[in-house]
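Both counts, for ligands and for their atoms, begin at 1 and track the order of listing.
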Amino acid sequence: MAQNSSRPVGRHFLHIPGPSPLPDRVLRAMDTPIIDHRGPEFAKLAKRCLDGIKTIFKTTNPVIIYTATGTGAWEAALVNTMSPGDKVLMVETGQFATLWKKMAERIGLKPEFITTDWRQGTDPKAIEARLREDKAKEIKAVCILHNETSTGALAPIAEVRKAIDAAGHPALLMVDTISSLASADYRHDEWGVDVSVGGAQKGLMMPPGMSFNAISDKAIAANKTAKMPKSFFAWDEMLNMNKVGFFPYTPGTQMLHGLATGIEMLHEEGLDNVFARHERLAEATRRAVKAWGLENLNKNISQVSPTITAVLLPEGHDADKFRALALENFNISYGASFGQYAGKYFRIGHLGDINDGMLIGALGITEMALSLAGIPIKKGGVQAAMDYIVSAHGAGARKAAE
Ligand SMILES: *Cc1c(COP(=O)(O)O)cnc(C)c1O
């Protein structure tokens, strides 16, 4: 009989790669009376959010805030800059890249895929080579994922920018940073990104239902001539209303309360500390996986993700059954698997408001669940993760204890 057959005891271990665990402080900030979204109090709240979110994308340009999940902001990026039939170049890093490409097709663009086996991440050289071939400059945008959430690969955005420039190509650079923003370093302005797409429910520690477009001057110029139909997602009206602290339609007021608090918390911790914490948790997870004798789906060790690790199970073991067994016995949720690898791997999310102890708890559960499922592993994964975390805290911590 599973231990939680009557009532799950304690907290659920939410280790999907988003939505991530909601900090109580964000929840409390949202538990507040509804205010007039055309009144003076709202304008102050909007300003906190509109100014604050720029510091997360590292941009001095406006950032658009949508009452929609990340998928809405994907669509917004495309319809605000493109015209029907435009060619866009995308890289098949995994499931989320595939979904964005399908969206591009559905709305009447012509996406072209640089295909991969989902285990390589993003190759800037391949992008450069394709752009060099495009003598007629038919490709209007390069659309890539900073973090491919389905496989756990983090793309080198600055290198992709360099590749586009080296090819002398005018295409816009659009980057999906939904599962990396506020978890991994991201620099919209410095890296020359034209549209950055973000979401609330991953690194920003918010509930689902809010997303973002950070935009460059070049993207704003493209918006002036872009002919894709758009209304809810149109940037122009949003930019005009945001200037005076309002939105063209009713915004998600409670979500904005949560966002202002989430951004405050990130700066209290310090963005660099947030990034270092995610890298530490990710490396600890990878060491556990290696010690268990299991394989990471992503094979490109220079592009490992700080927010999610995709773990392949040995031949003959069903990852979906494993996840169900772990949920039933240990009250933990992992991310599912996709595409040609469906049923072959599971994903451990380690992003958002997660600390060392929470991760060790999740890895301990994982080691137990793997054993319970009869999956042949070596013991010692959790020990390897703990050893790494101790070493990562390092000399500073030892000195403070003296
Ligand atoms: C979660 C995610 C999306 C989809 O966002 P929704 O909020 O589910 O609409 C898109 N891209 C990436 C990389 C994601 O991780």
>> Salt bridge check, Glu269 against Arg277: does any charged N sit closer than 4.0 Å to a carboxylate O?
In response: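 Yes, Arg277 and Glu269 are salt-bridged.
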> So, Glu159 and Lys162, do they make that salt bridge, N to O below 4.0 Å?
Replying inline: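 So Glu159 does not pair with Lys162 through a salt bridge.
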Could you pull out every N or O of ligand 1 that sits under 3.5 Å from a protein N or O, with the distance for each pair?
from: ligand 1; atom 1: 7 (O); to: Gly70; atom 2: N; distance (Å): 2.9
from: ligand 1; atom 1: 7 (O); to: Gln201; atom 2: NE2; distance (Å): 2.7
from: ligand 1; atom 1: 9 (O); to: Thr69; atom 2: OG1; distance (Å): 2.7
from: ligand 1; atom 1: 9 (O); to: Gly70; atom 2: N; distance (Å): 3.3
from: ligand 1; atom 1: 9 (O); to: Thr71; atom 2: N; distance (Å): 2.8
from: ligand 1; atom 1: 9 (O); to: Thr71; atom 2: OG1; distance (Å): 2.5
from: ligand 1; atom 1: 11 (N); to: Asp176; atom 2: OD2; distance (Å): 2.7
from: ligand 1; atom 1: 15 (O); to: Thr149; atom 2: OG1; distance (Å): 2.4
from: ligand 1; atom 1: 15 (O); to: Lys202; atom 2: NZ; distance (Å): 2.7

In residues 220-228, what donor-acceptor pairs under 3.5 Å come from side-chain atoms, sequence neighbours left out?
from: Asn223; atom 1: ND2; to: Asn80; atom 2: O; distance (Å): 2.8
from: Asn223; atom 1: ND2; to: Asn80; atom 2: OD1; distance (Å): 3.1
from: Thr225; atom 1: OG1; to: Ala222; atom 2: O; distance (Å): 3.4

Less than 3.5 Å apart, which donor and acceptor atoms pair up between the side chains of residues 192-203 and the rest of the protein, not counting sequence neighbours?
from: Asp194; atom 1: OD1; to: Ser216; atom 2: OG; distance (Å): 2.7
from: Asp194; atom 1: OD2; to: Leu173; atom 2: N; distance (Å): 2.9
from: Ser196; atom 1: OG; to: Tyr186; atom 2: OH; distance (Å): 2.6
from: Ser196; atom 1: OG; to: His188; atom 2: ND1; distance (Å): 2.7

> Any chance the rings of Tyr66 and Phe233 have centres within less than 6.0 Å?
Replying inline: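 Yes, they do, as the ring centres are separated by less than 6.0 Å.
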>> Enumerate the salt bridge (Lys or Arg N to Asp or Glu O under 4.0 Å) contacts for residues 48-59, please, sequence neighbours excluded, ordered by first and then second residue.
In response: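 Pairs touching residues 48-59 that pass the test: Lys47-Asp51, Arg48-Glu264, Lys58-Asp185.
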